[in-house]
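Positions are given from 1, in the same order as the sequence printed here.
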Amino acid sequence: LARTILQIHSSKITKVFTGLNISTFPFVSPPPSRHIAKSLEELYILKLITEKGQLTELGEKIAEVPLDINLATMLILSQKYDVEDEILTIVSLASEKGDLFEHGNVKAKEELGVKEGDYLTFVNVREEWVKKSNGERWCQEKGVKHIKLARAEKVRERLKKYQMRKEGGKRRRNDSGSKERSERVRKCIIESSWINVCKREPDGKYKTLLGKQSMWIWPGSVLGKLLPEYIVYGEIASSAGKTYIKDVTVVERDWLVDLAPHFFTFT
């Protein structure tokens, strides 16, 4: 709903329906007013709209990108962190539903998984995949879903063309060490999705710092057994009566104050 509201704000329709008057917008199936209020609050917290409900500069940029808000923000911020290639891979694979590894394939996760989380595992798997002359056979051997990679690659190419247009055809690349690049990728992820940061509880569940909702890590995650203290998730899913968080990334607690100082004030 927040994505829909953002698009309405960015359209010509806002000449009639502006700010909090979004509650009077003629939706085909009107959502409950409390959901609209919650979405507006989320957009404001993310600094995508002002107190008066007008789009910010960042909000205007994100409204143009045909992705979920967190993924669109990640794509926009990737230039700031000089990690455009990695984030292109992450958002394209994240936009394709379903797990990357075949169900129950523990060996694949151990061999190709990255300890910093699922998104960086996406990057690692794609980098290995594109090196192979027969990517489909490699996927079969490793227990990776080739169809997800193939579909995501098409999305990646479209998003790359979009980025090139916005950047005037210029791309820069800081060839720093892999550890530093990994940190910059994670910081980009965290800054774009900080409202999804969670802390581990004693029973192994994770509680969101905003909203205090408790959830489990998705069994298919590479972090399913590592259980770091802080993580940020990309998606919520339900299965067998449980609520899970998917596409999780390890968060360094010390980074939170720097990346979202308006919310995090650890002592």
Side-chain angles (χ1 to χ4, degrees), residues 1-2 32 34-35 37-39 41-42 45-46 68-71 73-74 90 93-94 96-125 143-145 148 182-183 185-267:
L1 181 57
R34 67 180 184 279
H35 291 177
K38 184 177 180 181
S39 295
E41 181 183 12
E42 178 183 333
I45 289 174
L46 292 172
D68 289 342
I69 288 177
N70 290 349
L71 296 180
T73 306
M74 208 181 296
I90 289 169
L93 277 165
E96 290 294 319
K97 301 302 181 183
D99 292 341
L100 180 58
F101 297 112
E102 296 290 351
H103 179 68
N105 197 320
V106 177
K107 183 179 179 181
K109 288 193 291 184
E110 290 178 348
E111 182 178 347
L112 297 168
V114 177
K115 66 180 181 179
E116 285 80 12
D118 297 311
Y119 279 159
L120 282 157
T121 296
F122 288 176
V123 175
N124 185 50
V125 171
V144 175
K145 293 182 179 178
K148 181 178 174 80
S182 172
E183 288 186 355
V185 170
R186 284 197 288 152
K187 286 180 178 179
C188 181
I189 294 168
I190 295 165
E191 185 172 349
S192 64
S193 308
W194 63 266
I195 62 172
N196 294 343
V197 170
C198 305
K199 183 179 181 182
R200 188 187 67 240
E201 297 186 284
D203 60 1
K205 287 194 293 186
Y206 281 85
K207 180 178 286 186
T208 55
L209 298 187
L210 181 66
K212 304 300 181 182
Q213 182 179 4
S214 292
M215 298 170 284
W216 299 92
I217 286 186
W218 183 251
S221 170
V222 298
L223 297 180
K225 293 183 179 179
L226 297 177
L227 301 180
E229 184 177 10
Y230 288 91
I231 60 171
V232 61
Y233 68 86
E235 182 183 353
I236 293 178
S238 296
S239 178
K242 284 187 176 182
T243 303
Y244 294 94
I245 44 179
K246 304 179 69 175
D247 297 343
V248 295
T249 301
V250 176
V251 171
E252 304 301 329
R253 182 179 183 272
D254 294 343
W255 293 353
L256 294 175
V257 176
D258 293 331
L259 299 176
H262 54 296
F263 181 78
F264 296 108
T265 55
F266 295 123
T267 57

Distance check, rounded to the nearest 0.5 Å: [X] atom [atom1] versus [Y] atom [atom2]?
X	Y	atom1	atom2	answer
Y233	T208	OH	OG1	6.0 Å
L93	K145	CG	NZ	12.0 Å
C198	E229	SG	CD	12.5 Å
D247	I231	CG	CD1	11.0 Å
K246	I236	NZ	CD1	12.0 Å
E191	L46	CD	CG	11.0 Å

Does a side-chain heavy-atom distance below 4.5 Å link [X] with [Y]?
X	Y	answer
F101	V125	yes
L259	W194	no
V144	L112	yes
K199	R253	no
Q213	T243	yes
F264	D258	no
S221	W216	no
E183	E252	no

Looking at [X] and [Y], what are the two nearest heavy atoms and their distance?
X	Y	value
G143	A108	O-CB, 4.3 Å
V251	V232	CG2-N, 3.5 Å
I245	Y206	CD1-CB, 4.0 Å
V197	L256	CG2-CD2, 4.0 Å
Y244	I217	CD2-O, 3.5 Å
V222	D118	N-OD1, 2.9 Å

* By ring pair (Phe, Tyr, Trp, His ring centres under 6.0 Å) - contacts of Y119 (at least two apart) -> F122
* Structure fact -> Applying ring pair (Phe, Tyr, Trp, His ring centres under 6.0 Å) to W255 and not counting sequence neighbours gives none
* Asked: Judged by atom type as modelled, is there a donor-acceptor pair below 3.5 Å linking the side chain of S192 to the main-chain atoms of I189?
  -> yes
* Short question: side chain of R186, backbone of T249 - any donor-acceptor pair under 3.5 Å? -> no
* To do: Go through the steps to decide whether V114 and V123 satisfy the test side chain to side chain contact (heavy atoms under 4.5 Å, CB included), and finish with yes or no.
  => CA-CA 9 Å; V114 177; V123 175; over 6 Å; no
* Contacts of K207 that satisfy salt bridge (charged side-chain N to carboxylate O under 4.0 Å, His left out) - sequence neighbours left out -> E201
* Would you please name every residue forming a salt bridge (charged side-chain N to carboxylate O under 4.0 Å, His left out) with E96, sequence neighbours left out? => none
* To do: Using a strict cut-off of less than 4.0 Å between a Lys/Arg side-chain nitrogen and an Asp/Glu carboxylate oxygen, indicate whether D99 and K148 qualify as a salt bridge.
  => no
* Structure fact -> Sorted by chain and residue number, the side chain to side chain donor-acceptor pair (under 3.5 Å) partners of N70 (sequence neighbours excluded) come out as none
* Asked: Could you give all pairs that pass the salt bridge (charged side-chain N to carboxylate O under 4.0 Å, His left out) test and reach residues 108-117, with sequence neighbours left out?
  -> E111-K142
